Amino acid sequence: MAEQNIMEWAAKRAADEARLLGHELREYRTLNDATEDDLAAALECSRDALTCLALCRRPDLNAPSFREDVEQIALHCGANAQRLVALLREVDSLRAIRQAPIPPHLAAPQPGLLAAARDRKKKRRGQKAGGKKRPGK
Amino acid sequence: MNTNTQDERVLHKRLLSHDATATEEAARLYLPLIERHVAARARNIYRINDRELIWDVTVNAVMLDYILHPERFDPNRSGLLGYLKRAAERDLMNAIEKDRRQRRGEELHADVEEGIHARNKPSDIARITHDAEEEAISRIQRERRLTAISKVGNERDTVLLRLIAEGERSTDKFAAVLGVEGLPIAEQRLIVKQHKDRLKVRLKRGGGKRRG
């Protein structure tokens, strides 16, 4: 019982460590507004397996051993390796997008798409912007 | 109770070589042992029974001091268990001292932690340098991945992906980008969901690589 508790505590702390898989699991949960049960379902594993996964080393997507590492982790903790690969790619891609600078033509002062999306709330309800306009090209 | 020295050395080598599951195996092996040691010490010496403090101290010693930095431990100089216990004892003393100072409302700038960090300066410097190199490499890799993702989509997809990445939940904002804000809300939700699902499939595939 005590072992389980300290392991869970460590798994929570692992979320703050970018070198551990717990960091990616928390990122996925945040991005997808997912509960622990949702995450367990996404990886086809138990909640105990999530603790195990969180404490494993985060596989490097660009390393030649990536697939092998994920399979080792999935086998060790009892999760679906394919699903884990997909989760890691999704989180990594979204992080890359988030960290990239916004291209000038999409940002202010020209009311680009992102600016339009952000300004949307300021517009009064009921005011239509000309039907189904297609921004961009 | 006692861990076998041979197994200990094998696990240590796996940690050094960044084996994918060695971190979890080491945590499962050493956390309970060090937790018991810390709990006994906290109770017997400091008359403290704070479960979360004991867990934090244990995790700091086992996970942060050792598992994530196995190169700091020299197996030729001492046994691992002794090394972890000493690290935990220092962390416990530091945590309790910090707590007492906070309670007394004292300044924290000269706390025990600083003294410990000062003693470990060379290894800390090496760690910081190593971390900076890793960060630079991962930044380059991220940029490559971003380029791969951006190649496939159009401008609108780029904005949608950005909103997803920023954790945006509001249908309003996605609908505005898609130009469907004039449609009934149920329809907007459906269209937004379809686009989000489409983009997430691409993200899961790791950018531009499409199968089939």
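Please read these numbers as outputs of a predicted model, since none were measured by experiment. A note on names: the letters A, B, ... follow the listed sequences, proteins ahead of strands, and every chain is numbered from 1.
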Novice: Quick check: do L20(A) and L68(B) have side-chain heavy atoms less than 4.5 Å from each other?
Specialist: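 The answer is yes, as the side chains (C-beta and beyond) meet within the 4.5 Å cut-off.
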Novice: Of the non-hydrogen atoms in Q72(A) and A20(B), which two are nearest, and what is the gap between them?
Specialist: OE1-CB, 4.0 Å
Novice: What is the distance from atom CG of N32(A) to atom NZ of K196(B), rounded to the nearest 0.5 Å?
Specialist: 9.0 Å
Novice: Run the salt bridge (Lys or Arg N to Asp or Glu O under 4.0 Å) test against R169(B) and tell me which residues pass, sequence neighbours left out.
Specialist: D33(A)
Novice: By the salt bridge (Lys or Arg N to Asp or Glu O under 4.0 Å) test, which pairs, at least two apart or in different chains, include something from residues 38-57 of chain B?
Specialist: R13(A)-D56(B), R41(B)-E89(B)
Novice: How long is the span from the CD1 atom in I97(A) to the CG atom in L160(B), to the nearest 0.5 Å?
Specialist: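 Those atoms lie 10.5 Å apart.
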Novice: What do you reckon, is CD of E68(A) surrounded by more than 12 foreign heavy atoms closer than 6.0 Å?
Specialist: no
Novice: Do you know which of L15(B), I54(B), D19(B) has the most heavy-atom pairs under 4.5 Å to chain A?
Specialist: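 That would be D19(B).
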Novice: With a 4.5 angstrom heavy-atom cut-off, is it the side chain or the backbone of T21(B) that approaches chain A, or both, or neither?
Specialist: both
Novice: Roughly how far, to the nearest 0.5 Å, is the CD atom of E25(B) from the SG atom of C56(A)?
Specialist: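 Answer for the SG-CD pair, C56(A) versus E25(B), is 8.0 Å.
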Novice: Atom CZ in R57(A), atom OG1 in T23(B): separation rounded to 0.5 Å?
Specialist: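 If I round to the nearest 0.5 Å, the distance is 6.5 Å.
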Novice: Which distance, rounded to the nearest 0.5 Å, do you find between the CG of L94(A) and the CG of L199(B)?
Specialist: 9.5 Å
Novice: Any side-chain heavy-atom pair from R28(B) and L55(A) closer than 4.5 angstrom?
Specialist: no
Novice: Could you state the interatomic distance from NE2 (H18(B)) to CZ (R19(A)), rounded to the nearest 0.5 Å?
Specialist: 8.0 Å
Novice: Starting from the C-alpha separation in whole Å, work towards a yes-or-no answer on side chain to side chain contact (heavy atoms under 4.5 Å, CB included) for M7(A) and E24(B).
Specialist: CA-CA 9 Å; M7(A) 291 298 280; E24(B) 194 278 338; 3.8 Å; yes
